[in-house]
Amino acid sequence: MSNGFAKFISGKGFYLALALCLAGAGAAAWVAVDKTIDNIESAPLSETPQAETMHPQDQLDTHPAEQKIDNILQQTPESSDSVTAEANGDSSPSSQGQQEGILTAETPDDESSTDVLSPSVPSESVPESTESSEASTQPVQQQESDDFSLTLPVSGAAIAPFSGDMLVKNETLGDWRTHNGIDISAELGSAVTASSDGVVTDIRSDPLWGNVVEVTSGDYVMTYSGLSDDILVSVDMTVTAGDQIGSVGEIPCELSLEPHLHFDVKQNGEYVDPASLAK
């Protein structure tokens, strides 16, 4: 029996079994597809009643909207009338009062603005007064400097002028330096007199300039260098122009020159040319 079944399976029976399997598989597939098609076809049928039930709700919702539109249309004539009334100048008393209040509030602001601007006029005159005062003081200062004059302390020719900022060679020392005064030729022992009224503020012996006497007159300090040992004045002594303060001696830093007196003048601490002040 078993041998006969084995021969059947190895022969035509194998193909018959394969055919049965394929048929079963096809039937199962068809059933599945059929159910799927039924589900798809049944889905729109269930949605149609829902769509139909929505129409009555929409119809119910449209009535309030129409009522709102009617209410708005009924209110617009009143607002338009008020707009036209305002355009024609028929404003309410309250609005007129507000406008009048705004106008009256703006009027004091304009007056206050003019009051604020008015004080600016004197402020411009202040610089003019200061400028005028400065202009008036400048001539006074120039007049004071122009009024000062002096006489040369010895009578003689100037052998070395005032150099200012220019360097000149000192033949005795062999170097270049500024010459801050003038050298006036004079014989040894010649009288040296005060060039202007003043007070003796310093007397000293300098290694370069010899015996030195300083006389102060206001903003001016006059220095007499190269005096002999017989000095006739003392510190804090008041002198008058023409009073003798000493005599001509030697100047160690200018021995290469002929006998002379070195005379210099400072104005407010700055050297000036004595010859420009001589009268």
Visitor: Where do Lys279 and Ser149 come nearest, in terms of heavy atoms and distance?
Guide: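 So the minimum-distance heavy-atom pair works out to CD-OG, 3.5 Å.
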
Visitor: Spell out, as yes or no, whether a donor-acceptor pair under 3.5 Å connects the side chain of Ser190 to the backbone of Ala186.
Guide: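 Not a single qualifying donor-acceptor pair exists.
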
Visitor: Please walk me through it: do Ser196 and Phe148 pass side-chain contact (heavy atoms from CB on, under 4.5 Å)?
Guide: CA-CA 9 Å; Ser196 68; Phe148 183 81; 4.0 Å; yes

Visitor: Is the closest side-chain heavy-atom distance between Val233 and Ile203 below 4.5 Å?
Guide: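 In short, these two side chains touch, coming nearer than 4.5 Å.
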
Visitor: Please tell me whether Phe162 and Val154 are part of a single hydrophobic cluster in this structure, the criterion being side-chain heavy atoms less than 4.5 Å apart.
Guide: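 As far as the 4.5 Å side-chain criterion goes, Val154 and Phe162 are connected within one cluster.
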
Visitor: Heavy-atom distance under 4.5 Å between the side chains of Asp183 and Leu257, does that happen here?
Guide: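 They are in side-chain contact.
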
Visitor: For the atom pair CG (Leu208) and CG (Leu173), what is the distance rounded to the nearest 0.5 Å?
Guide: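 It is 6.5 Å, given to the nearest 0.5 Å.
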
Visitor: Considering only heavy atoms from C-beta outward, does the side chain of Ile182 approach that of Asp273 to under 4.5 Å?
Guide: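 Yes - at least one pair of side-chain heavy atoms lies under 4.5 Å apart.
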
Visitor: Would you indicate whether the side-chain heavy atoms of His262 and Glu254 approach each other to under 4.5 Å?
Guide: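 Glu254 reaches His262 side chain to side chain.
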
Visitor: Under 4.5 Å between side-chain heavy atoms, counting indirect links through other Ile/Leu/Val/Met/Phe/Trp/Tyr residues: same cluster for Ile245 and Ile231 or not?
Guide: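 Yes, because Ile245 and Ile231 connect within a single hydrophobic cluster, where side-chain heavy atoms sit under 4.5 Å apart.
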
Visitor: Let me check something: do Met237 and Val235 share a hydrophobic cluster, defined by ILVMFWY side-chain heavy atoms less than 4.5 Å apart, either directly or through other members?
Guide: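 Yes: a chain of side-chain contacts under 4.5 Å links Met237 to Val235.
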
Visitor: Report the distance from atom CD1 of Ile251 to atom CG of Leu227, rounding to the nearest 0.5 Å.
Guide: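 Output value for this atom pair is 8.5 Å.
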
Visitor: Is Leu152 close to Ile184 at the side-chain level, that is, under 4.5 Å between some pair of heavy atoms?
Guide: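 When only atoms from C-beta onward are counted, Leu152 and Ile184 do touch, with a gap below 4.5 Å.
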
Visitor: Closest approach of Ser195 and Tyr224, non-hydrogen atoms and distance?
Guide: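 Heavy atoms of Ser195 and Tyr224 come nearest at N-OH, 2.9 Å.
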
Visitor: Please find the pair of heavy atoms, one from Asn170 and one from Arg177, that lie closest to each other, and give the distance.
Guide: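 Smallest heavy-atom distance, with atoms named: ND2-CD, 4.3 Å.
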
Visitor: Evaluate the side-chain contact (heavy atoms from CB on, under 4.5 Å) criterion for residues Asp202 and Val213: first the C-alpha distance (whole Å), next the side-chain angles of each, then the deciding distance (0.1 Å), finally the verdict.
Guide: CA-CA 6 Å; Asp202 188 22; Val213 173; over 6 Å; no

Visitor: Is it true that the side chains of Thr216 and Thr201 contain a donor and an acceptor less than 3.5 Å apart?
Guide: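 Yes, a side-chain donor-acceptor pair sits under 3.5 Å.
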
Visitor: Do we see a donor-acceptor contact under 3.5 Å between the side chains of Asp264 and Ser225?
Guide: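 Their side chains do not contain a donor-acceptor pair, so the 3.5 Å distance test is not met.
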
Visitor: Give a yes or no on whether the backbone of Pro161 and the side-chain of His179 come within a donor-acceptor separation of less than 3.5 Å.
Guide: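 Yes.
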
Visitor: Are Leu277 and Val239 linked, directly or through intermediate hydrophobic residues, by side-chain heavy-atom contacts shorter than 4.5 Å (ILVMFWY only)?
Guide: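 Same cluster: Val239 reaches Leu277 through Ile, Leu, Val, Met, Phe, Trp or Tyr contacts under 4.5 Å.
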
Visitor: Distance alone, cut at 3.5 Å: any donor-acceptor contact between the side chains of Ser163 and Thr178?
Guide: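 No.
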
Visitor: Less than 4.5 Å apart, side chain to side chain, heavy atoms only: is that true for Met222 and Ser217?
Guide: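 Yes, at least one pair of side-chain atoms sits under 4.5 Å.
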
Visitor: Surrounding CD of Glu187 (heavy atoms of other residues, nucleotides or ligands, distance under 6.0 Å), is the total greater than 12?
Guide: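 Counting other residues, nucleotides and ligands, CD of Glu187 stays at 12 neighbours or fewer.
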
Visitor: Compare all side-chain heavy atoms of Val200 with those of Asp236 and state whether any distance is below 4.5 angstrom.
Guide: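 The answer is no, as the side chains (C-beta and beyond) never meet within the 4.5 Å cut-off.
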
Visitor: Before giving the answer on side-chain contact (heavy atoms from CB on, under 4.5 Å), spell out for Val192 and Val248 the whole-Å C-alpha distance, their side-chain angles and the decisive distance to 0.1 Å.
Guide: CA-CA 7 Å; Val192 178; Val248 176; 3.8 Å; yes

Visitor: Which atom names give the shortest non-hydrogen contact between Ser185 and Ile159, and what distance separates them?
Guide: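 Closest approach of Ser185 to Ile159: CB-CG2, 3.9 Å.
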
Visitor: Got a second to check how far Tyr271's OH is from Lys266's NZ, nearest 0.5 Å?
Guide: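 Between atom OH of Tyr271 and atom NZ of Lys266 there are 4.0 Å.
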
Visitor: Taking all atoms of both residues into account, what is the closest heavy-atom pair of Leu261 and Pro153, and its distance?
Guide: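 For Leu261 versus Pro153, the nearest heavy atoms are CD2-CG, 3.5 Å.
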
Visitor: Would you give the length of the straight line joining atom CG of Asn268 to atom CG of Asp219, rounded to the nearest 0.5 angstrom?
Guide: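 The CG atom of Asn268 sits 4.0 Å away from the CG atom of Asp219.
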
Visitor: If I take atom CG from residue Asn180 and atom CZ from residue Phe263, how far apart are they, to the nearest 0.5 angstrom?
Guide: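 It comes to 13.5 Å.
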
Visitor: List the steps, then state whether side-chain contact (heavy atoms from CB on, under 4.5 Å) holds for Val215 with Tyr220.
Guide: CA-CA 8 Å; Val215 177; Tyr220 296 85; over 6 Å; no

Visitor: Using every non-hydrogen atom in the two residues, find where Leu188 and Gly249 come nearest and quote the distance to one decimal.
Guide: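 Looking at all heavy atoms of both residues, the closest pair is CD2-O, 3.2 Å.
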
Visitor: Using a 4.5 Å cut-off on heavy atoms from C-beta on, say whether the side chain of Trp209 contacts that of Cys253.
Guide: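 Yes; the side chains approach each other to less than 4.5 Å.
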
Visitor: For the pair Asp197 (side chain) and Ala241 (backbone), establish whether a donor and an acceptor sit closer than 3.5 Å, ignoring hydrogens and angles.
Guide: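 Yes: the side chain of Asp197 pairs with the backbone of Ala241.
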
